[in-house]
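Inspection log for the structure reproduced underneath, given as structure tokens.
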Amino acid sequence: MQKHFSAGSGTYYSDSIFFLSVAMHRIMPQEITRIIQVDLDLKYKTNIRDLFDEFDNFPEGAVIGIAREMQPVYRHTFWQYRRENPQTKVGEPPPDGLPGFNSGVLLLNLEAMRQSKLYNQLLEPTTVQKLTEKYHFKGHLGDQDFFTMVGMEHPELFHVLDCTWNRQLCTWWKDHGYSDVFDQYFQCEGEVRIYHGNCNTPIPED
């Protein structure tokens, strides 16, 4: 995982802690069946119990709940695959595109992860290698890169959380080559339930 989804040893996302979520179902005791895993740079505007209720909305076959990435980072990362497949939805903005995922708020249905033959096959090194080669993928954001790549191939494994559950605030990519399309990724309608101050972005005061 670290070979494919971090920028190299010593970088921020190279630490193994950023990959624990991927195999949490193999780490936690069997009696623990569901976990919410969150980043520290969050501000809650609602009761987190309401987020736990999202587990009840998982469709058949889904094992992880996660919100979409709200910047065109994967439009950038998948550039070669997109060039070779000009009609692809990979890296395109919502609602019809596949912008990738942001792992700042994760719902891990550990029981479903344990039981999913497909998900566990996707953890095998040879399978990861094949997918990274297919998509020409070299990530740098840890677990969310893995979830994003898998989501391009098997979206049925994921329950997509509404953007209001992970309202990301970082605008780094707006000033780094993607200002023309940035707002298509960044827009989020509805009352925010969790703010995510990623890339050290200040979170609005009450």
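Just so we're clear, the structure is a prediction, and the values are computed from it rather than from any experiment.
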Any side-chain donor near an acceptor of the partner, Arg26 and Asn120, under 3.5 Å: yes
Flag if over 12 foreign heavy atoms under 6.0 Å of CG, Asp175: yes
Side-chain touch Leu123/Val128, heavy atoms, less than 4.5 angstrom: no
Side-chain donor/acceptor of Glu124 to backbone N/O of Thr126, under 3.5 Å: no
With Trp79 via ring-ring contact (aromatic ring centres under 6.0 Å, His included) - residues at least two apart: none
Same cluster (ILVMFWY, side-chain, under 4.5 Å), Val22 and Met24: yes
Heavy-atom closest pair, residues Gly104 and Leu42: O-CD1, 3.8 Å
Test log, rule ring pair (Phe, Tyr, Trp, His ring centres under 6.0 Å), inputs His159 and Phe58: CA-CA 6 Å; His159 167 58; Phe58 276 37; 5.2 Å; yes
Phe55 and Asn57, any side-chain heavy atoms less than 4.5 Å apart: no
Flag side-chain contact, heavy atom, 4.5 Å: Phe147 against Leu157: no
Residue pair Met70 / Cys188: nearest heavy atoms and the distance that separates them: CE-CB, 3.6 Å
Atom of Leu169, atom of Pro202 and distance for their closest heavy-atom approach: CD1-O, 3.6 Å
Under 3.5 Å: donor-acceptor pair, side chain of Asn85, backbone of Thr88: no
Residues Asp41 and His196: side-chain donor-acceptor under 3.5 angstrom: yes
Between Tyr74 and Asp145, a side-chain donor and acceptor under 3.5 Å: yes
Polar side-chain atom of Asp50 near backbone of Thr46 as donor-acceptor pair, under 3.5 Å: no
Stepwise side-chain hydrogen bond (donor to acceptor under 3.5 Å, both in side chains) check, Gln168 with Asn198: CA-CA 6 Å; Gln168 302 137 54; Asn198 48 337; 4.6 Å; no
Under 3.5 Å: donor-acceptor pair, side chain of Ser116, backbone of Ala112: no
Which residues share a ring-ring contact (aromatic ring centres under 6.0 Å, His included) with Tyr178, sequence neighbours left out: His76, Trp173
Asn166 and Ile194, any side-chain heavy atoms less than 4.5 Å apart: no
Donor-acceptor pair, side chain of Lys43 and main chain of Pro204, under 3.5 angstrom: yes
Glu84 atom CD, neighbour heavy-atom count above 12 within 6.0 Å: yes
Exceeds 12 heavy-atom contacts within 6.0 angstrom, atom CD of Glu133: yes
Sidechain N-carboxylate O distance under 4.0 Å for Glu92, Arg82: yes
Inter-residue atom distance Ser103.OG - Leu141.CG, 0.5 Å rounding: 8.0 Å
Tyr44 and Val38: CA distance, side-chain angles, deciding distance, side-chain contact (heavy atoms from CB on, under 4.5 Å) verdict: CA-CA 11 Å; Tyr44 302 92; Val38 294; 3.3 Å; yes
Which atom of Thr171 lies closest to which atom of Phe182, heavy atoms considered: CA-CZ, 3.6 Å
Considering only distance and modelled atom types, tabulate donor-acceptor pairs under 3.5 Å from the side chains of residues 27-34, sequence neighbours left out.
none

Greater than 12 external heavy atoms within 6.0 Å of Lys130's NZ: no
Candidate pair Val73 and Trp172, rule side-chain contact (heavy atoms from CB on, under 4.5 Å), full reasoning: CA-CA 9 Å; Val73 54; Trp172 191 88; over 6 Å; no
Short side-chain to backbone donor-acceptor contact, Glu54 and Leu107, under 3.5 Å: no
Side-chain donor-acceptor pair present, Arg75, Tyr185, cut-off under 3.5 Å: yes
Pairs involving residues 106-144, ordered by first then second residue, that meet disulfide bond (SG atoms under 2.5 Å apart) (sequence neighbours left out): none
Heavy-atom side-chain contact between Thr148 and Met152 under 4.5 Å: yes
Spatial distance of atom CD (Glu189) from atom CG (Asp162) [nearest 0.5 Å]: 10.0 Å
Any side-chain heavy-atom pair of Asn102 and Gln71 under 4.5 Å: no
Test salt bridge (Lys or Arg N to Asp or Glu O under 4.0 Å) applied to Lys89 - qualifying residues, sequence neighbours left out: none
Side-chain touch Tyr81/Val90, heavy atoms, less than 4.5 angstrom: yes
Verdict with reasoning, Ile35 to Leu110, per side-chain contact (heavy atoms from CB on, under 4.5 Å): CA-CA 7 Å; Ile35 279 181; Leu110 301 182; 3.8 Å; yes
Residues Ile64, Asn109; criterion side-chain contact (heavy atoms from CB on, under 4.5 Å); working and verdict: CA-CA 6 Å; Ile64 291 168; Asn109 188 328; over 6 Å; no
Residue pair Ile66 / Val105, side-chain heavy-atom distance below 4.5 Å: no
Closest heavy-atom pair and its distance - Pro99, Arg68: CG-CD, 3.6 Å
Tyr135 side chain to Glu153 side chain, donor-acceptor N/O pair below 3.5 angstrom: yes
For Thr77 against Lys138, the heavy-atom pair lying closest together: CG2-O, 3.8 Å
Common cluster, Met149/Val63, ILVMFWY with side-chain heavy-atom separation under 4.5 Å: yes
Pair Thr164-Arg193, side-chain donor/acceptor within less than 3.5 Å: yes
Any donor-acceptor N/O pair, His154 side chain to Val150 backbone, under 3.5 Å: no
Joint cluster assignment, Leu98 & Phe146, ILVMFWY side-chain distance < 4.5 Å: yes
Pairs involving residues 96-120, ordered by first then second residue, that meet ring-ring contact (aromatic ring centres under 6.0 Å, His included) (sequence neighbours left out): His25-Tyr119, Phe101-Phe158
